[in-house]
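Report on the following structure.
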Number of protein chains: 2
Amino acid sequence: MAGKGRSRASGRPTLEQVAVEANVSRGTASRVVNGSLEVSPYALKAVRDAIRKLGYVPNHAARSLVTRRSDTVLLVVSESEDRVFSEPFFASIVRGLSQELSNTPLQLNLVMASTGRQHDRVEQLVRNGHVDGVMLISLHGDDPLPQNLVAAGAPVALIGRPPVPDATTVPYVDADNEAGARAATEYLYRQGRRRIATITGPRDMAAGLDRLSGYRAALRGKRGVTRLVAQGDFGQASGEAAMRELLGKDPELDAVFAASDPMAAGALRALRAAGRRVPDDVAVIGFDDSDLARNTNPLLTSVSQPTQLMGRKLAELLIAQLREPEAKLAPVILPTELVCRESA
Amino acid sequence: MAGKGRSRASGRPTLEQVAVEANVSRGTASRVVNGSLEVSPYALKAVRDAIRKLGYVPNHAARSLVTRRSDTVLLVVSESEDRVFSEPFFASIVRGLSQELSNTPLQLNLVMASTGRQHDRVEQLVRNGHVDGVMLISLHGDDPLPQNLVAAGAPVALIGRPPVPDATTVPYVDADNEAGARAATEYLYRQGRRRIATITGPRDMAAGLDRLSGYRAALRGKRGVTRLVAQGDFGQASGEAAMRELLGKDPELDAVFAASDPMAAGALRALRAAGRRVPDDVAVIGFDDSDLARNTNPLLTSVSQPTQLMGRKLAELLIAQLREPEAKLAPVILPTELVCRESA
DNA sequence: ATGAAAGCGCTAACAC
DNA sequence: GTGTTAGCGCTTTCAT
């Protein structure tokens with residue numbers, strides 16, 4: 001007599017039980033759960049009551065099995081083995097992401113993919129339908145993963161402009177690096193600085209390139225301004241070295257825009273070592289408005305990015321594709337903001 | 001005649017197709033896939049070949065449906081709404097975690113749970129069998145979530161010692177905060193410092209408490225040493241304020257152990273403002289060996305934690321419980337290391 | 001609008 | 001050792 005009625009091994013109520021409780025068929029119960037409009041108000045109420053009473057929650061696996069959707073999206077942190085992740089970024093972006101996702105039935109899967117093997121695993125995940133879409137936050141420029149995923153037919157969204165404008169265009173969200181750099185440089189100019197240097201990021205990262213063009217754009221056509229460019233790699237040590245080099249080239253320089261906070265911090269060290277006062281002798285501006293900027297001496301003026309918002313937009317970009325696979329999505333470029341502290 | 005044979009809508013081969021290809025039954029094929037030993041070498045080979053040939057990969061949903069396992073573990077970042085995430089930590093721990101997980105069939109789900117509503121959602125996830133276990137990295141002390149999850153019967157593992165030794169004991173991994181603090185303080189003592197202060201963390205966090213006892217332990221029984229304690233909250237501003245307070249109490253102090261890097265950076269600022277040279281007049285040591293420590297001026301001597309290893313151990317702790325639900329697991333305490341730079 | 005029924009792909013119990 | 005089979009819980013035609 002125990003027949004279909006009560007629970008089996010697992011204690012969770014099934015749709016069948018809901019249907020019995022509500023005196024309808026399983027089909028109807030399913031329709032209610034999935035928000036189909038083709039249900040009589042009466043049945044609707046009965047089922048809803050039953051659901052509440054039983055504390056019913058759909059079984060994800062069972063649903064997935066028939067719909068062939070996983071209701072799971074993947075966040076891939078594609079970092080090269082050695083490079084340390086730029087921190088504040090990560091947590092903040094994930095926070096935005098989660099926020100956006102919490103309005104949906106989507107689950108967030110996370111994988112770190114440094115090695116080629118792990119890259120393959122990601123592609124597997126997609127091909128096997130374990131995930132419905134992929135978000136990628138990639139630290140180095142020439143990552144082939146996004147393209148591969150797109151080729152595999154998966155919805156993909158990126159943080160950060162892909163370095164090479166590729167044939168298969170994949171939607172991305174990025175901060176307006178150029179505008180941010182321009183604002184910083186213009187700020188220096190408006191303060192009366194006329195010998196303005198910049199320390200750039202690596203040449204193979206879009207962020208580095210864009211910040212350099214922002215610097216150039218700000219100074220374009222300005223007369224009586226000395227421009228100086230030194231190459232860095234976003235790391236602190238490279239910033240310190242670049243600053244020494246700059247000082248060697250032009251001991252009179254009165255301002256530096258560094259394309260990252262660690263490089264700015266490095267510059268601060270080099271300037272101090274060279275006996276320059278900041279900001280009196282030389283003004284310094286960084287980029288990212290990281291934790292670091294709030295802890296240097298002097299405190300760092302820096303360009304801040306809306307990281308949390310970037311996370312939200314990233315999720316939006318993916319969700320849009322999930323809803324409409326054929327949609328051609330434009331990049332989302334978010335505004336930056338210059339945060340003034342002590343160094344400029 | 002298309003009957004069972006070839007593919008349906010989805011292009012993925014099924015176990016059935018593998019079985020046909022290998023001339024065995026689906027049952028046998030399943031045994032091979034799941035590594036059952038009760039299979040003839042001949043069948044084994046046939047099935048393996050078929051799997052390779054067809055590129056077969058098990059359907060997660062289908063398997064889940066019958067095994068009632070999700071093969072998914074959850075990482076909950078349980079942060080209070082306002083508190084900013086202590087950074088270097090997060091990415092590094094996740095990296096260790098992923099590494100460990102990549103040797104298993106387990107997927108990593110990530111949720112941020114700041115609000116109560118999100119906490120509930122996590123409990124739902126567990127109750128509905130969407131996840132087989134939960135790892136928790138909790139930023140504030142009095143988080144009830146771990147206990148609730150344990151009560152719900154879920155395998156749970158924590159980063160960070162729970163502040164109150166609770167009845168329901170849940171396994172955790174932590175750095176040896178006390179030993180780390182002790183090492184730092186002893187180092188200061190051995191350098192000949194005799195007026196050694198400490199800036200503590202919040203009283204409701206185990207890490208703060210443990211580091212304070214480490215400081216005390218290092219100085220216990222030492223004669224001719226002046227001890228000074230000021231309260232902080234791990235934040236930079238609190239460190240700066242505490243340092244000023246300390247300087248007021250004892251202008252002659254010659255060393256400070258701060259329980260976090262940001263507080264140490266704050267102390268650096270206060271010391272500079274007070275005209276003290278570091279490390280000549282006052283030696284400073286921080287805790288965490290964060291990015292920050294590598295970017296202050298002078299560079300910060302700091303106690304480093306094996307964050308990546310902590311991530312691995314966290315995963316191990318959970319996996320052990322998954323394998324043996326009744327196992328009583330001891331806490332895993334990992335050694336710290338004093339990284340000497342310029343400030344002490 | 002609703003019920004009946006056919007699977008989704010897989011595991012595990014059972015029979016041989 | 002291997003094949004057969006009964007579901008896991010759900011969505012979705014197809015009738016009605």
Side-chain angles (χ1 to χ4, degrees), chain A residues 2-47 50-51 54-71 105 128-130, chain B residues 2-47 50-51 54-71 105 128-130:
Chain A
K4 284 259 163 142
R6 274 290 131 239
S7 62
R8 318 185 51 84
S10 155
R12 302 168 53 194
T14 72
L15 192 55
E16 177 71 36
Q17 290 171 30
V18 171
V20 169
E21 177 76 31
N23 266 311
V24 298
S25 76
R26 191 169 20 139
T28 300
S30 172
R31 281 168 203 127
V32 172
V33 170
N34 294 296
S36 159
L37 282 325
E38 333 256 301
V39 179
S40 73
Y42 180 77
L44 186 70
K45 178 175 178 354
V47 173
I51 287 177
L54 266 34
Y56 169 79
V57 180
N59 179 315
H60 192 227
R63 174 178 286 174
S64 237
L65 185 55
V66 27
T67 60
R68 292 157 181 294
R69 284 179 293 104
S70 66
D71 282 333
N128 301 332
H130 287 332
Chain B
K4 285 253 164 151
R6 277 287 133 243
S7 62
R8 318 184 52 81
S10 156
R12 302 169 52 195
T14 71
L15 192 55
E16 176 70 34
Q17 291 171 29
V18 170
V20 169
E21 176 76 29
N23 269 311
V24 298
S25 75
R26 187 164 23 119
T28 299
S30 173
R31 280 168 203 127
V32 172
V33 170
N34 294 297
S36 160
L37 282 325
E38 335 255 303
V39 180
S40 73
Y42 182 75
L44 185 69
K45 176 174 179 357
V47 172
I51 288 178
L54 266 35
Y56 169 80
V57 180
N59 179 315
H60 192 231
R63 175 180 286 174
S64 232
L65 184 55
V66 27
T67 60
R68 291 159 180 293
R69 285 179 292 105
S70 66
D71 281 333
N128 301 332
H130 288 331

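Residue numbers start from 1 in every chain, and the chains themselves are labelled A, B, ... in the order their sequence lines are given, proteins ahead of strands.
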dist A:S25:OG -> A:E16:CD (nearest 0.5 Å) comes out at 9.0 Å
B:L65 atom CG is separated from D:dG9 atom P, nearest whole Å, by 7 Å
With A:V47 as partner, the option from A:L15, A:V39, A:N23, A:V32 fulfilling side chain to side chain contact (heavy atoms under 4.5 Å, CB included) is A:V32
Q) Within the distance-only criterion (no hydrogens, no angle test), does the side chain of B:H60 pair as donor or acceptor with the backbone N or O of B:S70 below 3.5 angstrom? A) yes
Task: Stepwise side chain to side chain contact (heavy atoms under 4.5 Å, CB included) check, A:R31 with A:V24 - done: CA-CA 11 Å; A:R31 281 168 203 127; A:V24 298; over 6 Å; no
Per-nucleotide protein contact along nucleotides 10-16 of chain D, 5' to 3', at a 4.0 Å heavy-atom cut-off (B base, S sugar-phosphate only, - neither), is BBBB---
| Judged by atom type as modelled, is there a donor-acceptor pair below 3.5 Å linking the side chain of B:R12 to the main-chain atoms of A:N128? | yes
Minimal heavy-atom distance between A:T14 and A:Y56, with the atoms involved, is C-CE1, 3.6 Å
In short, A:L65 meets B:A61 closest at the heavy-atom pair N-CB, 3.9 Å
Output for pair (A:S64 OG, A:H130 NE2), nearest 0.5 Å, gives 10.0 Å
In numerical order, the residues of residues 39-47 of chain B whose heavy atoms come under 4.0 Å of DNA chain D are B:V39, B:S40, B:A43
